[in-house]
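This report concerns only the one structure given below.
These numbers were taken from a predicted model, which means no experiment stands behind them. A note on names: the letters A, B, ... follow the listed sequences, proteins ahead of strands, and every chain is numbered from 1.
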Amino acid sequence: MAYWLMKSEPDEVSIDDVLAAPEQTVAWFGVRNYQARNFMRDGMRPGDLALFYHSSCAEPGIAGIVEICSGAYPDASQFDPASHYVDPKATQEQPRWISVDVRAVRKTALLSLKQLRTIPALDGMRLLAKGSRLSVMPVEPHEWRTIEALLEQ
DNA sequence: GCCAACGTTGGC
DNA sequence: GCCAACGTTGGC
């Protein structure tokens with residue numbers, strides 16, 4: 001089983017939105033970066049756990065834990081001309097972008113980016129690297145353990 | 001709103 | 001294949 005971190009703008013989809021969804025499950029769509037896509041497509045398996053990270057907001061940080069609950073499948077929004085995420089180069093035969101479904105495991109008290117930066121054990125964390133912008137990235141098991149111990153319900 | 005960092009595009 | 005121009009991300 002692998003660990004991940006997934007960023008979402010809470011104005012778009014917050015941890016509360018995932019909790020409020022049917023079966024506490026939403027499709028993770030709109031990833032339009034190849035590295036992030038490849039992590040989802042090649043690395044993620046159902047049962048993997050991910051830190052749910054709120055980005056581009058007043059207080060960025062970890063807001064909950066979700067479980068990957070599907071394999072990769074074509075992201076429908078790439079074919080939708082009305083969608084902000086439409087990709088004219090994607091075809092049904094050759095989709096470019098994929099989704100996975102995620103289920104909320106629990107919401108946590110916000111563990112802010114500011115706090116994360118103060119924790120020595122997380123020094124090498126990809127999220128904290130300078131210029132890191134990936135929206136889907138792996139989390140090392142020791143990083144996961146460190147963070148999980150800090151998360152409150 | 002600013003801007004650093006990074007990714008993508010496309011001419012050559 | 002290079003690289004300039006442009007677009008996006010995301011913290012501040």
Contacts of type side-chain hydrogen bond (donor to acceptor under 3.5 Å, both in side chains), residue A/Arg32, not counting sequence neighbours: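 By the side-chain hydrogen bond (donor to acceptor under 3.5 Å, both in side chains) rule, A/Arg32 matches A/Asp75, A/Ser77.
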Same apolar cluster: [X] and [Y], side chain cutoff 4.5 Å:
X: A/Tyr73; Y: A/Phe39; answer: no
X: A/Leu110; Y: A/Met125; answer: no
X: A/Leu134; Y: A/Val100; answer: yes

Flag, side chain of A/Ser132 to backbone of A/Arg126, donor-acceptor distance under 3.5 Å: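 It does hold such a pair.
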Below 4.0 Å: OP1/OP2 of C/dG10 and any side-chain N or O of A/Lys7: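 So the side chain of A/Lys7 is within the cut-off, an N or O lying under 4.0 Å from OP1 or OP2 of C/dG10.
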Strand-adjacent residues in residues 48-61 of chain A, judged by heavy atoms under 4.0 Å from DNA chain C: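 DNA chain C contact set from residues 48-61 of chain A: A/Tyr53, A/Ser55, A/Ser56, A/Pro60.
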Watson-Crick and G-U pairing of DNA chain C written in dot-bracket, each distance under 3.5 angstrom, with | for inter-strand partners: ||||||||||||
Non-hydrogen atoms of A/Tyr53 and A/Ile62 that approach each other most closely: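 Looking at all heavy atoms of both residues, the closest pair is CD1-N, 4.0 Å.
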Non-hydrogen atoms of A/Ala121 and A/His142 that approach each other most closely: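 That closest heavy-atom pairing would be O-NE2, 3.7 Å.
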Under 3.5 Å side-chain donor-acceptor pair for A/Gln94 and A/Thr91: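 No - no donor-acceptor pair under 3.5 Å links their side chains.
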Contact residues, residues 115-128 of chain A to DNA chain B [heavy atom, < 4.0 Å]: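 Output list: empty, so none.
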Check: A/Tyr34 ring centroid to A/Trp97 ring centroid under 6.0 Å: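 When the ring centroids of A/Tyr34 and A/Trp97 are compared, they turn out to be within the sub-6.0 Å range.
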A/Trp144 and A/Tyr3 aromatic ring geometry - parallel, tilted or perpendicular at 30°/60° bounds: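 Parallel.
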A/Met1 CE to A/Ile68 CD1 distance, which is reported to the nearest 0.5 Å: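 Reported value, rounded in 0.5 Å steps: 10.5 Å.
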Measure all distances between protein nitrogen or oxygen atoms and nitrogen or oxygen atoms of nucleotides 7-9 of chain B, and list the pairs falling under 3.5 Å.
from: B/dG7; atom 1: O4'; to: A/Arg133; atom 2: NH2; distance (Å): 3.1

For A/Phe29, ring-ring contact (aromatic ring centres under 6.0 Å, His included) partners two or more places apart: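 Here the qualifying residues are A/Tyr85.
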